[in-house]
Amino acid sequence: MMVETQAVTAVSPVKSGAAKQLAEVARQFETQRTGRTPESVTAVLVDDSLVITLRGMLSPAEKLLAKSPVGAAQIRELHRQLFQTSCGSLLQEIEVLTGAAVLEATSEVATDTGTVVLVCLLAAGVTDSSWSDASNEDIADAPSDIWAAKQLADLARQFETHRTGRAPDSVTAVLIDNSLVITLRGVLSSAEQELAKTPVGAAHVRENHRQLFIASGGSLQHQIEVLTGVAVLEATSEVATHTGTVVYVVLLASSVEASTWTEAKSEPTSLDSSGSNEKSDTGGEG
């Protein structure tokens, strides 16, 4: 059975107040939590994945510490832990505004830029009629379903299949400013689903997937750089253990112009089962 591969490059804002309100709630939450106000906030819903991007969040001392690999890792883990212990009020607001329960939530920091990305995995997708105005900042419309995003979604599908031996049910790749979000549904094995039924087991599954992605994600990150023409600063993996959905969040060095996501880019390579690269014979959907 062929796996469905879906791909778009951006979410076009539609007119409503829900996302704008949520971006403002996130701004207030982060200001209260850290004492620093983000330079800008973007909130975008991609199917059942909510991604909130807050720019300019690290203090001068944190930026200095993050110049070393050990310091950068310490900053990322500290922000992740601080978010986990203080995010209750924000998650409650998200549930009120979207009408969907939050299953999992995590925080990722791009230490090179000071950008913080919050990823919330919801119990259900939110329809356009109840979710729109994708941010409190302008997001440029971009062509959907174009060649490069199809290639990227297919590469992510190949990567996950070779990494775990299981093909995702579907894959969606979405570029939001300088944040690339790849959602893979139906990834967990039956054994992982059984283990994740307990809080301790779910935490173990999430951390295992995060560490495996860190250890094996270099080839995928290289292909992202080939397709976008932009360096990858940070990349992480988050798992919604209730649904078996895995979300990759990739923070790029800069925004990607929609005009650069064309067939003029170098033909990407596919990933064989050993993790090495070989030339892909086909493009687009797998």
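Positions are given from 1 along the sequence. The figures here come from the full heavy-atom set of this structure, side chains too, leaving out hydrogens, waters and symmetry mates.
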Crowding at CD, Q92 (>12 non-hydrogen neighbours, <6.0 Å)
no
Side chains of S40 and R55: any donor to acceptor distance under 3.5 Å?
yes
Starting from the C-alpha separation in whole Å, work towards a yes-or-no answer on side-chain contact (heavy atoms from CB on, under 4.5 Å) for H204 and L195.
CA-CA 9 Å; H204 182 71; L195 175 60; 3.8 Å; yes
Are R166 and E192 ion-paired here, with the side-chain N under 4.0 Å from a carboxylate O?
yes
Among T42, V41, V117, V109, side chain to side chain contact (heavy atoms under 4.5 Å, CB included) partner for L54
V41
Hey, mind stepping through L118 and E108 against side-chain contact (heavy atoms from CB on, under 4.5 Å) and telling me if it holds?
CA-CA 6 Å; L118 310 180; E108 183 66 20; over 6 Å; no
So T106 and R80, do their side chains get closer than 4.5 Å, heavy atoms only?
yes
Compute whether any side-chain donor of one residue and acceptor of the other, for Q32 and Q28, lie under 3.5 angstrom apart.
no
I want to check something: taking the side chain as every heavy atom from C-beta on, are V250 and Q221 in contact at a cut-off of under 4.5 Å?
no
For Q84, I'd like to know if atom CD has over 12 heavy atoms of other residues, nucleotides or ligands within 6.0 Å.
yes
With heavy-atom distances below 4.5 Å as the criterion, would you say the side chains of L103 and L122 are in contact?
no
Do S170 and R185 have side chains that get closer than 4.5 Å, going by heavy atoms?
yes
Within the 4.5 Å heavy-atom criterion, are C120 and E104 side-chain neighbours or not?
no
With heavy-atom distances below 4.5 Å as the criterion, would you say the side chains of L121 and V102 are in contact?
no
